[in-house]
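Please read these numbers as outputs of a predicted model, since none were measured by experiment.
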Amino acid sequence: MSSTEWQKSSFSEANNNCVEVRALDGAVELRESDDGEVIVRTTPAKFAVFLQGAKAGEFD
């Protein structure tokens, strides 16, 4: 991931109830599209582990 612009999933379509993500200053930042004031910041490695868990259904 190399974009400093906020990105959201293509599955979100025009819906504003989604999580946006961007890379900035060597970190990964996440926020809710409908509440952009709260930003969660993590490392790329931790974000990769989170995505693996989500894809594996660990949070269902």
Quiz prompt | Heavy-atom check, side chain of E37 versus side chain of D35, under 4.5 Å | solution = yes

Self-check item: V21 reachable from V19 in the ILVMFWY side-chain graph, under 4.5 Å edges
Solution: yes

Exercise. Go through the steps to decide whether L30 and F47 satisfy the test side-chain contact (heavy atoms from CB on, under 4.5 Å), and finish with yes or no.
Key: CA-CA 10 Å; L30 301 122; F47 186 59; 3.6 Å; yes

Quiz item: Between P44 and A27, what is the shortest heavy-atom contact and its length?
Solution: CD-CA, 4.4 Å

Quiz prompt | Shared hydrophobic cluster for F59 and V49 (ILVMFWY, side-chain gaps under 4.5 Å) | solution = no

Quiz item: Distance from R41 atom CZ to D25 atom CG, nearest 0.5 Å?
Solution: 5.5 Å

Quiz item: Between R31 and E20, does at least one N-O distance fall below 4.0 Å, as a salt bridge requires?
Solution: yes

Self-check item: Any side-chain heavy-atom pair of W6 and I39 under 4.5 Å
Solution: yes

Quiz prompt | S33 side chain vs C18 backbone, donor-acceptor pair below 3.5 Å | solution = yes

Quiz item: Which value, rounded to the nearest 0.5 Å, describes the distance between R22 atom CZ and T4 atom OG1?
Solution: 7.0 Å

